[in-house]
Each structure stands twice: as structure tokens, then as C-alpha cells.
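In what follows, chains carry the letters A, B, and so on, assigned in the order in which the sequence lines appear, proteins first and then strands, with residues in each chain numbered from 1.
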Amino acid sequence: MENINKIEKKWQKYWDEKKSFKAINGGDKKPYYILVEFPYPSGAGLHVGHVRSYTAQDAIARMMRMQGYNVLYPMGWDAFGAPAEQYAILNHIHPKEAVKENIKTFKGQMKSLGFSFDWDREFSTTDPDYYKWTQWQFLQFYKHGMAYKDTVPVNWCPHCKSVLSNEDAAGGVCERCGSQVEQKEKSQWMLRMSDYSEDLLKGLEDTNFADRVKLGQINWIGKSQGVEVDIDIVGGGKFSIFTTCPETIYGITFFVIAPDGKLIKELMERVENKDEVNAYIKETSLKSAMDRTELNKGKTGVEVKGVKAINPVNGKEVPIFLGDFVLGDYGTGAVMAVPSHDQRDFEYAKEHGLEIIKVIDCGDISEHAIEKTEYMGHDYKMINSEEFNGMTVDLAREKISDMIEEKGYGRRVNNYKMRDWIFSRQRFWGEPIPMIQCPKCGWVPMNEEDLPLLLPDVAEYEPTEDGESPLANITEWVNCKCPKCGHDAKRETDTMPNWAGSSWYFLRFMDPKNDKEFASMEAMKYWNRVDWYNGGMEHTARHLLYARFWVQFLFNIGLVPNKEMIWTRVSHGMVLGSDNQKMSKSKGNVINPDDIVKEYGADALRTYEMFMGDYQMDAPWSTESLRGCKRFLDKVERLKDKVNDQTGFTQSLEVIQNKTIKKIEYDLTHMGYNTVVSGLMILANAYDDLDSITKDDYRLLLLLLNPIAPHITEELNEMIGCTPLCEAEWPSYDEEKIIENTKEIAVQVNGKLRGTITIHIDDDEQSIKEKALECENVMKHIEGKEIVRIIVIKGKIVNVVVK
RNA sequence: GCGAGUAUGGCGGAAUUGGCAGACGCGCUAGACUUAGGAUCUAGUGUCAUAGACGUGCAGGUUCAACUCCUGUUACUCGCACCA
């Protein structure tokens with residue numbers, strides 16, 4: 001085509017002006033909501049990886065519209081975040097200006113690729129009309145006791161005077177300046193996400209997430225069932241431990257408590273070796289800032305002298321140790337140690353010369369512990385465990401748990417790895433948390449009618465000396481009146497994390513212009529939920545979990561219609577550089593979609609990205625392969641010259657045409673995008689083998705190809721004088737016509753291919769057997785041998801078994 | 001360490017249910033047309049070899065038949081990482 005970009009622009013304009021992809025809330029059509037993760041509009045522009053997933057979902061959206069669905073396929077911007085803030089600080093502008101520019105670039109790029117988004121629903125998380133509702137929802141969390149302040153340790157760079165995320169502090173070194181990261185206690189807003197552990201686990205049953213996505217969620221929640229036991233301290237006081245192995249409780253020879261926990265602080269008065277203990281605590285606080293993996297070769301720790309704990313089941317007094325492998329903020333901050341049946345305890349005991357008592361009769365423990373995974377499920381018997389001696393491990397586990405509960409030593413509990421959500425960020429470019437601290441009333445929520453609480457319009461904001469948000473420096477913004485008593489008060493200067501705005505954006509798309517509510521119940525009931533959500537693998541754990549938590553909370557307070565608002569979630573693989581490495585500027589392997597569109601056209605890029613490989617797996621870029629896809633589109637164009645003046649379909653193409661319709665439908669809805677393209681190539685090749693094809697033949701190919709390559713197909717379709725494809729109906733196939741009357745099948749002798757025969761659909765088993773045995777090469781291989789049996793799989797294969 | 005995933009020609013990858021492994025495309029080889037080719041068309045292209053044998057990371061197993069199911073094992077990728 002003489003100017004591909006001109007044609008693409010023409011159809012993009014057509015779709016825009018006709019509002020071809022506008023989704024309307026209501027009507028007779030069946031609603032279907034397709035969602036792709038909205039991007040962070042970075043300065044780098046659209047990545048070819050974005051193109052992959054947006055095209056995939058676009059193809060489904062386009063097909064389903066033709067099939068008569070009311071498809072919602074929206075797009076927006078997740079634009080709060082550190083890069084925009086950094087850029088703005090450097091250039092002394094407001095981040096919203098940088099964001100505006102980036103969105104413009106992204107949107108232009110998306111338009112040039114012909115994605116069928118309903119642009120009337122576009123918004124950015126940084127729009128006051130949007131973040132007003134993010135703030136409003138935070139207030140609901142607060143009002144329902146789900147938001148609270150707590151002191152937690154944060155990564156702190158003493159040089160940058162800044163709080164760092166775990167990613168930015170990887171390796172215990174500040175990513176920006178390279179100085180040593182420290183731990184610093186800071187008061188932060190928290191959301192009680194751990195209250196939802198069980199619900200988030202159970203809710204997975206009401207979703208259609210891919211298995212690997214579900215597993216990611218399950219692992220993140222990290223449920224473990226066990227027993228919590230109360231331990232008395234000699235001379236008064238007590239603490240609790242949690243164990244998943246109550247069967248080993250008689251094997252306790254010491255306890256280990258966290259150096260950063262509360263318990264050691266309580267015990268400190270009675271500690272005889274205070275200096276030693278304090279030194280270890282200090283050592284740990286430094287260590288926790290470094291990359292622990294490197295330091296965990298040995299099991300360090302010190303005994304807490306002067307205090308002993310009592311094992312409740314046998315009254316035995318055992319020592320207490322400090323060990324940095326016990327975490328202060330996980331579980332109870334203390335563990336029981338059974339060196340005979342836990343490798344970590346074993347190593348610790350060896351290191352510190354502690355007693356090892358075997359309680360399960362299961363082999364040699366002189367070299368290493370025999371752990372749960374090794375002893376459970378066998379018939380090993382208990383030893384050294386008083387009345388439980390001789391019982392099988394499985395039985396003892398239950399009986400010991402029962403005894404602990406009956407005697408009041410403890411109780412069966414579930415423990416979860418998932419903790420509460422730290423919701424504060426010491427950043428400028430985020431949603432301000434709408435809380436006010438009044439010297440008289442304490443923390444007071446803003447009045448809902450005063451929302452949104454806008455970010456101040458300033459261009460200079462340096463971080464404070466003590467790591468507070470840059471907002472803390474803007475006194476005219478910070479100072480306010482208490483909404484309750486009118487006294488002088490100060491605003492919270494922390495902002496929300498990036499995850500906040502993306503935790504509910506899919507709800508807003510259902511009703512994006514609503515200024516009374518974040519979305520009306522009516523609109524949410526109409527769309528019901530997100531039918532199909534696609535995003536990157538890196539977001540399937542946290543983002544999805546946060547979004548589900550957010551939705552479940554809204555459901556519990558009656559604001560959304562379903563407890564799970566996302567039905568299917570799939571994740572796509574990355575587009576790697578041609579060197580099989582992640583694309584990055586420094587490696588020089590980045591492909592800019594604009595260049596490809598300019599040279600080969602949007603359709604070629606779209607087709608190639610669908611064709612490049614299994615959608616769920618990473619795939620390297622290949623410009624050679626892209627050219628192959630361009631050639632395919634050129635071939636489709638050339639086929640136009642073969643169109644004759646006949647109507648209807650060519651008889652000899654009937655089987656492959658019906659087969660292809662079925663295949664495209666199936667593959668598009670099962671993420672088989674690469675085989676969609678290959679199926680269409682096969683159809684086009686079949687057309688190409690003929691001297692001429694009918695207009696209907698040709699239009700069928702264009703219809704089927706349209707979801708992947710929408711521009712060129714529209715243009716060719718117009719050239720043959722048909723009404724636009726985006727207004728056309730999806731073709732239907734006839735199952736009857738897929739069945740072939742005659743078919744070539746394989747004949748094997750002892751499982752090895754020896755020939756092929758052509759069978760008719762009506763042939764019975766006997767005649768197929770006869771045909772198979774008549775086959776020349778088959779005869780040669782069965783000559784002089786005894787036929788044991790002949791296996792005939794109808795329409796598939798014949799296998800002659802000989803001896 | 002734990003959890004998950006992956007492994008098929010020179011390359012990307014097909015094989016919906018156990019049923020002709022390598023579809024489709026790239027690349028490559030030869031030829032045609034051409035001033036030219038990043039255009040198009042034709043033929044060929046898993047490996048080794050003479051009929052034939054061998055081939056889906058490796059070693060076993062089940063089956064008439066295994067890329068597909070089972071057992072073990074290796075390598076790589078991702079996630080979590082002293083989780084009690």
C-alpha cells in the first residue's frame with residue numbers, strides 16, 4: 001500500500017469520529033469488561049511490551065464487539081510515583097506538568113497503534129476528580145477502624161535523608177548514592193490487611209484466575225496452621241511461641257527470641273549479661289540493614305543469662321537465647337527450638353553447644369536434623385515424650401495439640417505471613433492522606449465534603465532533614481484548623497503509596513464521570529465485574545492482592561456489588577531485547593514502537609507481537625520475524641487481485657474456512673494469539689493456491705484478521721466496496737462443514753510409521769484394517785510375522801502389532 | 001533453602017484429548033523474473049546414513065502408541081527469602 005501511515009491515520013480518525021468503541025452503560029447487549037493494566041506514563045514512552053498485551057486484549061475486544069457484546073475496554077494513567085517527582089525536582093517544575101507531557105506522548109502512541117479503547121472514560125490517578133475518591137475511600141478505612149498509626153522500622157539513607165523502599169535499598173545500599181542504609185523507626189499509617197488473610201484466601205474460589213496467579217496469591221498470604229503455646233518464665237513473666245510442629249514439643253532444649261522484639265526489652269532488668277545482650281542487639285540493628293543472605297552463614301546469638309523459661313508440657317527449665325534469625329515483627333517474636341527436628345535449630349545448637357533431644361524415632365541425627373518433611377507421613381514412633389511415647393507422629397501431633405488446649409497451655413491457631421499494609425510514603429507526588437493532627441483531639445479525619453485535599457501548586461520542594469515528606473516544608477499547606485474543635489492543627493504530610501490509586505481504578509472505569517460517588521452501584525451492577533484482566537507477572541502478587549483487599553473492604557461496607565470484582569486474571573510474558581535480555585537503555589537493545597510503526601506500520605507490529613510466541617512467556621524481539629509478518633500482510637493485500645465477480649464461497653475452501661473461523665474464536669479466547677496468526681497465514685496460503693477467489697472468500701479473511709490488523713483490513717474491505725468491518729458481524733461457522741469426507745491417516749507397524757492410507761468417513765473398522773494391510777510398505781514390514789492385533793483409532797491412526 | 005515455571009531444528013515456536021513430532025514464520029540453499037532487491041514466484045531445508053536408523057534437557061518406567069502420563073535427575077528463569 002502506497003502510504004501505510006496515511007491509511008492508518010484515516011481509519012483511526014474514522015473510529016474516533018464515529019466513536020466506534022464507545023461503551024454505554026445499559027442496553028440490550030451483553031456487557032463484557034476487558035481490562036489491561038493502565039501504565040505508568042514514564043518519560044521513556046510506550047514500551048513494545050505494552051503493545052503486546054494491549055494488542056492481545058484489543059483483539060478480543062474487537063472480536064467480541066463484532067459478536068454483539070457491549071465491550072468495555074478502557075484506558076487510563078497510573079501517574080503518581082517517584083520518577084515523575086525526581087524529574088520534577090531536577091527541573092524545578094511541578095510533577096503534574098511532566099505527567100501531562102508523558103500522558104500526551106503515551107496517548108499519541110496508543111492511538112497510532114489503533115487500540116480500540118473507549119477514550120471517553122480516560123482518567124489519571126493524579127486527577128483531583130479521581131484522587132478525591134481515593135482519599136474518600138481512605139477515610140472509610142479509617143472510620144471502620146481499618147487504618148491506624150504504628151511505629152515501624154523503615155530503610156533510611158542518612159546521606160540522601162530519605163526513606164527508601166525495599167527495592168531502592170536492595171543489598172543494604174542506597175540505590176541513588178551508594179551509602180549504607182540504616183533502619184529507622186517511623187510512625188506510619190497502616191491498613192489492617194492481615195484481618196483479611198482468610199477472606200483473601202477463600203475469595204480465590206470465586207475467581208477464575210490462572211492457577212499460577214492463584215498460587216502467587218496463596219504464597220503471599222502464607223497461611224500456616226499450628227499451635228500457639230504460652231511459656232512461663234522462671235521468677236515471673238511469660239511469652240508465647242508459635243509452632244507448626246507441636247509433635248516435637250518435648251524436644252525443646254532452648255528458646256530463641258528476637259533481638260529487635262519487645263520481649264527482650266521487658267526482660268532487660270533481670271538480664272545478668274546486659275552488656276553482651278545490648279551489644280548483640282546493636283549488632284543486629286546494623287545487620288538488618290545489610291544484605292542478610294551474605295551474613296547468614298553462621299547462626300549467631302547470645303544467651304540471655306539470668307532468665308530461664310519453662311516448657312509447659314514437662315516443666316523443664318531451658319535457657320533463652322537471642323538470635324537474629326528470629327524476626328521481631330513476625331509471629332510472636334519468639335520460637336521454641338527443637339534441634340533434633342529442625343535444621344536451623346540444629347545448627348544453632350551445634351554452634352552454641354546445646355543439648356539435642358530426639359523425640360521421633362527416625363534415624364541418625366548426628367549430622368543434621370530430621371525435619372518435618374522427612375518424618376511426616378511415615379509410621380515413625382514417638383520417643384522421649386512421656387505418655388505420647390510409642391504413638392505414630394501423625395497421631396501424637398493431634399493428641400499433643402489436644403492436650404495443650406485442654407490443659408490451657410495454648411491453642412490451635414492459624415498464622416499468616418501477610419502483614420498489615422504500610423500505607424505512608426514520605427513523598428510529594430502521591431495522594432495526600434486526608435488526616436489532621438490536632439493538639440487537643442489527636443488524629444481527626446477531614447470532612448468528606450472538603451475533599452479533594454489538593455497537592456500544593458509549588459515548584460520547589462526539597463526533602464526535610466529528618467526524612468519527612470517534602471510537604472512538611474510547605475507551611476501554608478500544613479497549617480490548618482481542626483475540623484472538630486477549630487483549634488490550630490497540622491495536616492498529615494505523608495502521601496499514599498503508588499498501589500493506592502491502582503487498587504480501585506477498574507471500578508472507576510465503570511462510571512468515570514460520577515461526581516457524587518466513586519462509582520454508582522447501578523453502574524457497577526451493570527458491568528458486574530472485570531471479566532478479563534491482563535497484566536504483567538510482576539503485578540500478580542502484590543497489586544492484585546491490594547486490589548482484592550480494597551474491593552473486599554468496600555464490599556463489606558456495602559459499596560460494591562461483589563466481594564471479588566475481577567473474574568479472570570492472566571499475565572503475559574515480557575518482550576525481551578534481541579539479545580534475550582531485558583530491554584534497557586544501558587544495554588542498547590530497546591525497540592521503540594514509534595520507529596516500527598513508521599517503517600512497517602501499526603498492523604505489522606501488532607501482528608508480529610501476537611505471532612512472536614506463547615503469550616504467557618517471555619519472547620525475544622526479532623526484526624527479521626517482524627518483516628515476515630509484514631510480508632504476510634502484503635500477501636493479504638495482493639490477494640485482492642484474485643477476487644472474481646462471483647458471490648458466495650468457493651466450494652473447495654469450505655472446510656478450511658469453517659475450521660479457521662472456529663480456530664480463531666477458540667484461540668483468541670484461550671490466549672493462543674500466535675496460532676491465531678499462523679491459522680490466518682494458512683488460510684491466506686490456501687487462497688493463494690487458487691487462481692481466483694470470491695469477494696465473500698476475501699471478506700471472510702479480512703474479518704478474521706481484523707482484530708489483529710484492523711487498519712489494513714478496513715482499507716482493503718472498503719476497496720472491495722463493503723461496509724466497515726468495525727460495524728460488521730463476526731462470521732459463524734458450520735460444524736458440519738468442518739468434517740472432511742476423506743482423510744489421510746497414518747499406518748504404523750509396532751508404533752513406527754510405515755505408510756499412510758486415505759479413508760472415507762463412512763469406512764468401517766474392517767475395511768480400514770484391510771486398506772492398512774494392503775499398504776505396500778506395511779506389507780513389507782509384517783512379512784513373515786504374526787499379527788497380534790490391529791488397533792484402529794477412528795479418523796486418527798492404525799497400528800498393526802506384530803511378533 | 002522454599003515455592004512456581006521452563007527445556008522441542010540454525011532461530012521464534014506448533015502439536016485443544018496419549019495417536020504421522022517440527023504446523024506457521026524467520027534464516028539458509030538452489031533456481032526464475034530483474035539494472036537492482038530488505039520485492040515477488042518455484043523447489044528444498046531435524047540429524048546420520050544406502051534401503052534404514054536416531055531424534056522433544058538427562059536416566060528409567062507405564063502403554064499397541066509418550067513432547068504429552070509416572071519416578072528420579074540436571075540446567076536456567078521468576079517470586080519469596082533465617083516465616084518458627
Side-chain angles (χ1 to χ4, degrees), chain A residues 211-213 215-216 218-220 222-224 226 228 241-245 255-256 258 292-293 295-297 299-300 323-327 329-338 342-345 347-348 372-373 415-419 537-538 540-542 573-574 578 580 599-600 607-608 611-614 616-632 634-635 638 662-663 666-667 670 672 674-682 684-685 688 744-756 780 788-802:
Chain A
D211 283 347
R212 66 173 183 172
V213 175
L215 241 143
I218 291 166
N219 287 343
W220 197 277
K223 179 176 181 172
S224 54
E228 192 175 281
I241 55 101
F242 172 78
T243 180
T244 55
C245 310
F255 288 94
V256 186
R292 283 185 163 180
T293 49
L295 292 152
N296 284 333
K297 302 238 160 69
K299 290 280 173 273
T300 66
D324 63 6
F325 69 85
V326 177
L327 308 173
D329 60 346
Y330 180 73
T332 60
V335 300
M336 67 181 211
V338 182
D342 182 283
Q343 186 59 25
R344 196 185 49 199
D345 296 349
E347 285 166 23
Y348 197 90
K372 193 176 184 175
T373 47
N415 206 21
Y416 302 88
K417 274 188 220 170
M418 192 176 73
R419 333 233 173 134
M537 201 58 207
E538 68 277 19
T540 51
R542 296 181 75 182
M574 270 186 295
S578 52
N580 245 306
E599 191 169 355
Y600 300 94
T607 307
Y608 168 60
F611 186 61
M612 70 193 329
D614 185 331
Q616 297 191 71
M617 295 213 267
D618 296 351
W621 178 268
S622 160
T623 303
E624 293 299 312
S625 252
L626 166 86
R627 285 196 192 112
C629 291
K630 171 67 173 154
R631 281 203 279 267
F632 162 62
D634 291 344
K635 178 186 264 182
R638 276 197 313 277
K662 186 180 178 182
K663 183 181 175 57
Y666 184 91
D667 286 355
H670 291 79
N674 52 343
T675 49
V676 166
V677 178
S678 69
L680 290 166
M681 286 172 170
I682 291 166
N685 288 346
D688 203 26
E744 193 178 75
I745 65 165
V747 183
Q748 301 178 329
V749 178
N750 283 352
K752 291 201 168 115
L753 180 69
R754 296 303 179 196
T756 55
K780 211 161 81 187
V788 183
R789 64 172 156 144
I790 302 173
I791 290 149
V792 178
I793 307 294
K794 259 207 131 171
K796 297 227 158 132
I797 206 164
V798 180
N799 191 9
V800 184
V801 185
V802 297

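Of all heavy-atom pairs between A:Leu327 and A:Ala258, the closest is C-CB, 3.7 Å.
Atom P of nucleotide B:G18 and atom NZ of A:Lys794 are separated by 21 Å, given to the nearest angstrom. Separating the CG atom of A:Asp342 from the P atom of B:G1 is a distance of 16 Å, rounded to the nearest angstrom. Residue A:Lys796 contributes atom NZ, which lies 15 Å from atom C1' of B:A21 at whole-angstrom precision. Rounded to whole Å, the distance from CG on A:Leu753 to P on B:C54 is 13 Å. Atom pair A:Asp345:CG and B:C82:C1' shows a separation of 11 Å (rounding to whole Å applied). One interatomic measurement links the two molecules: CH2 of A:Trp621 to P of B:G25, which rounds to 19 Å at whole-angstrom precision. For the pair A:Ile797 CD1 and B:G18 P, the interatomic distance rounds to 15 Å; values are reported in whole Å. The separation between A:Phe611 atom CZ and B:A23 atom P is 11 Å, rounded to whole Å.
Spacing of P atoms, B:A7 relative to B:U56, comes out at 14 Å, to the nearest Å. B:G25 and B:C41: their P atoms are spaced 11 Å apart (whole Å). B:U77 and B:C24 are spaced 33 Å apart, taking the P atom of each and rounding to whole Å. Between B:U62 and B:A66, the distance separating the two P atoms is 12 Å to the nearest Å. Separation of the P atoms belonging to B:A39 and B:C48 is 29 Å when rounded to the nearest angstrom. Rounded to whole Å, the C1' atom of B:U74 lies 31 Å from the corresponding atom of B:G27. Comparing the C1' positions of B:C67 and B:G19 gives a spacing of 13 Å, expressed to the nearest Å. Going from the C1' atom of B:U68 to that of B:A53 covers 24 Å, rounded to whole Å.
In this structure, A:Val677 reaches neither bases nor backbone, as no heavy-atom distance under 4.0 Å exists between it and the strands shown. Using a 4.0 Å heavy-atom cutoff across all strands shown, A:Asn799 reaches at least one base atom of the nucleic acid. When heavy atoms are screened at a 4.0 angstrom cut-off, A:Asn685 is found touching the sugar-phosphate backbone but no base atom. The residue A:Thr243 sits close only to the backbone: its heavy atoms come under 4.0 Å of sugar-phosphate atoms, none of a base. A:Asp614 comes within contact range of the sugar-phosphate backbone alone, with a heavy-atom separation under 4.0 Å but no base atom that close. Using a 4.0 Å heavy-atom distance criterion, A:Tyr348 is classed as making no nucleic acid contact. Nucleic acid contact for A:Gln343: none, since no nucleic acid atom lies under 4.0 Å from a heavy atom of the residue. A:Gly222 comes within contact range of no nucleotide atom at all, as no heavy-atom separation falls under 4.0 Å. In this structure, A:Glu744 reaches the bases: a heavy-atom distance under 4.0 Å links it to at least one base atom across the strands shown. Within 4.0 Å of A:Glu228, counting heavy atoms only, lies no atom of the nucleic acid at all. Within 4.0 Å (heavy atoms only), A:Asp667 reaches no atom of the nucleic acid at all. A:Ile682 comes within 4.0 angstrom of the backbone, heavy atoms only, and of no base. Among the atoms of the strands shown, none is found under 4.0 Å from any heavy atom of A:Phe632.
A salt bridge is absent between A:Glu347 and A:Arg344; no separation between the charged side-chain nitrogens and carboxylate oxygens falls under 4.0 Å. Between A:Arg638 and A:Asp634 there is no salt bridge, since none of the side-chain N atoms of the basic residue sits less than 4.0 Å from a carboxylate O of the acidic one.
Checking the phosphate oxygens (OP1, OP2) of B:A39, no side-chain nitrogen or oxygen of A:Arg638 falls inside 4.0 Å. For B:C26, the OP1/OP2 oxygens have a side-chain nitrogen or oxygen of A:Arg631 closer than 4.0 Å. Between A:Arg542 and B:G79 there is no side-chain polar atom (N or O) within less than 4.0 angstrom of OP1 or OP2. A close approach under 4.0 Å does occur between a side-chain nitrogen or oxygen of A:Asn674 and OP1 or OP2 of B:A14. Look at A:Arg344 and you won't find any side-chain N or O under 4.0 angstrom from OP1 or OP2 of B:C82.
With contacts defined as side-chain heavy-atom distances shorter than 4.5 Å, the pair A:Val798/A:Ile790 qualifies.
Remark: B:U34 base-pairs with no nucleotide in the shown strands. Criterion, Watson-Crick or G-U wobble with two distances under 3.5 Å. The nucleotide B:A39 finds no pairing partner, because no Watson-Crick or G-U wobble arrangement with both distances shorter than 3.5 Å includes it. Base pairing of B:A23 is not made with any nucleotide, judged by Watson-Crick or G-U wobble geometry with both donor-acceptor distances under 3.5 Å. With a cut-off of 3.5 Å on both Watson-Crick or G-U wobble distances, the partner of B:U16 is given as none. Taking a pair to require two hydrogen-bonding distances under 3.5 Å in either a Watson-Crick or a G-U wobble arrangement, B:U6 pairs with B:A75. Searching all strands for a Watson-Crick or G-U wobble partner of B:A66 with both distances below 3.5 Å returns nothing. Pairing partner, B:C80: B:G1, with both Watson-Crick or wobble hydrogen-bond distances short of 3.5 Å. Pair check for B:A53 finds B:U47; Watson-Crick or G-U wobble, both atom distances under 3.5 Å.
For the residue pair A:Lys417 / A:Asn219, no side-chain donor-acceptor distance below 3.5 Å is found, with atom types taken as modelled. Looking at A:Asn415 and A:Ser224, their side chains never bring a donor and an acceptor atom within 3.5 Å of each other.
Glycosidic conformation at B:G9 (O4'-C1'-N9-C4 for purines, O4'-C1'-N1-C2 for pyrimidines): syn, within 90° of 0.
Comparing A:Arg754 and A:Thr332 along RNA chain B, the residue whose closest nucleotide (by nearest heavy atom) sits nearer the 5' end is A:Arg754. Residue-to-nucleotide proximity on RNA chain B shows that, of A:Met574 and A:Val800, the 5′-proximal contact is made by A:Val800.
Using a distance-only test at 3.5 Å, with no hydrogens or angles considered, a donor-acceptor pair links the side chain of A:Thr675 to the main chain of A:Gly672.
Ring-centre distance between A:Tyr608 and A:Tyr600: not below the 6.0 Å cut-off.
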Next on the checklist: Using the rule given for side-chain contact (heavy atoms from CB on, under 4.5 Å), can you reason through A:Lys796 versus A:Ile745, listing the C-alpha separation, both sets of side-chain angles and the distance that settles it, and then say yes or no?
Outcome noted: CA-CA 6 Å; A:Lys796 297 227 158 132; A:Ile745 65 165; 5.8 Å; no
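Listed nucleotides: B:C20, B:A84, B:C64. Nearest to the side chain of A:Thr244: B:A84. The side chain of A:Val801 has B:C64 as its nearest neighbour among B:C64, B:A4, B:G25.
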